[in-house]
Amino acid sequence: MTRPSTGGRIEVICGCMYSGKTEELIRRMRQVMIARQPCRIFTPRLDTRYSVGHVASHTGAKLEAVPVSSIKEVMAGVGDMQVIALDEMHFLEDSADEILACCQELADRGLRVIVAGLDQSYRAEPFPGMMQLMAVAEQVDKLYAICVRCGAYATRSQRLINGRPAPADAPTIVVGGLDLYEARCRNCYEPAH
Ligand code: ADP
Ligand code: ZN
């Protein structure tokens, strides 16, 4: 039986922490599952905030996901899926070029590739992997949280250590929730020194 094609495409869901990226990924994948399209969700092993084997949003919505450490593991797990989703892309250990090449290959093969992740680090610097994917994606959605200081739309993830902005030389990737990160707007964001 030949399956109807979903059309190869790359969709990027980006934004700061708490902007609803995982919620949006789960919403899209629920639709795909209702339509009975063969699909699989992948999530970096590093993201240990929630039980392994799931993607989970801060609101508690969750779906089963395959834990991976690298984009090669995603490639190995694609099988004959029509749609794949990758959450928290910024946690993958691969270079931006490798991630780009693999996502392009999958979309060229006809897969719908949905990638969610932070667009900026806590230093408000773009994540190279997301930058490159956004350039080639068929669809890019940038989501916003609400700034916890002033109520404006938040685009940045403020990393705090003992209530103070984390220094610029702190590690880029630290897994954590509300105690470590706050959503802030451009005005309320305090740069790392
Ligand atoms: P992301 O994947 O972008 O980190 P999630 O989808 O996991 O976001 O969670 C989004 C949810 O986080 C929102 O629906 C809301 O319930 C919650 N939330 C917590 N803090 C904030 C905030 N400052 N602004 C907006 N939503 C927030
Ligand atoms: Zn603000």
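Each ligand, and each atom within it, is numbered from 1 in the order the structure gives. Nothing here was measured: the structure is a model prediction, and the numbers come from that model. Throughout, residue positions are numbered sequentially from 1 according to the sequence presented.
Distances from atom 17 (C) of ligand 1 to the heavy atoms of E23, E24, H58, R184 put H58 nearest.
Only protein atoms were considered; those of element N, O or S under 2.8 Å from the Zn ion (ligand 2) number 4.
Inspection of the D87 and T43 side chains reveals no N or O donor paired with an N or O acceptor under 3.5 Å. Side-chain polar atoms of E23 and T59 form a donor-acceptor pair below 3.5 angstrom.
Under the 4.0 Å criterion applied to side-chain N and carboxylate O atoms, K72 and E98 are assigned as salt-bridge partners.
Of all the heavy atoms of A183, the ones lying under 4.0 Å from any atom of ligand 1 belong exclusively to the side chain. Contacts between L143 and ligand 1, counted as non-hydrogen atom pairs separated by less than 4.0 Å, are absent for every part of the residue.
Looking at ligand 1, you'll find an N or O of G20 within less than 3.5 Å of one of its N or O atoms. For ligand 1, the polar-atom distance check finds an N/O of I146 within less than 3.5 Å of one of the ligand's N/O atoms. Residue T59 has no nitrogen or oxygen atom sitting less than 3.5 Å from a nitrogen or oxygen atom of ligand 1, judged on distance alone. Between S57 and ligand 1, no pair of N/O atoms sits closer than 3.5 Å.
Screening residues 131-148 for side chain to side chain donor-acceptor pair (under 3.5 Å) gives R9-Q139, R28-D141, D97-Q132, D119-K142, Q139-D141 as the qualifying pairs, with residues at least two apart or on separate chains.
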- Message: Set out, in order, the CA-CA distance, both residues' side-chain angles and the distance that settles side-chain contact (heavy atoms from CB on, under 4.5 Å) for Q158 and R149, then state yes or no.
- Response: CA-CA 11 Å; Q158 180 81 57; R149 286 285 173 91; over 6 Å; no
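Distances from ligand 1 to the non-hydrogen atoms of C16 include at least one value under 4.0 Å. For G15, the heavy-atom gap to ligand 1 stays at 4.0 angstrom or more.
In this structure, F127 and H90 have parallel ring planes: the angle between them is below the 30° cut-off, well short of the 60° mark.
Both tests hold for R156 against Y189: distance to the six-membered ring centre under 6.0 Å, angle to the ring axis within 45°.
Heavy atoms from other residues, nucleotides or ligands lying under 6.0 Å from CD of E64 number 12 at most. Shown here is R109, whose CZ atom has more than 12 heavy atoms of other residues, nucleotides or ligands within 6.0 Å.
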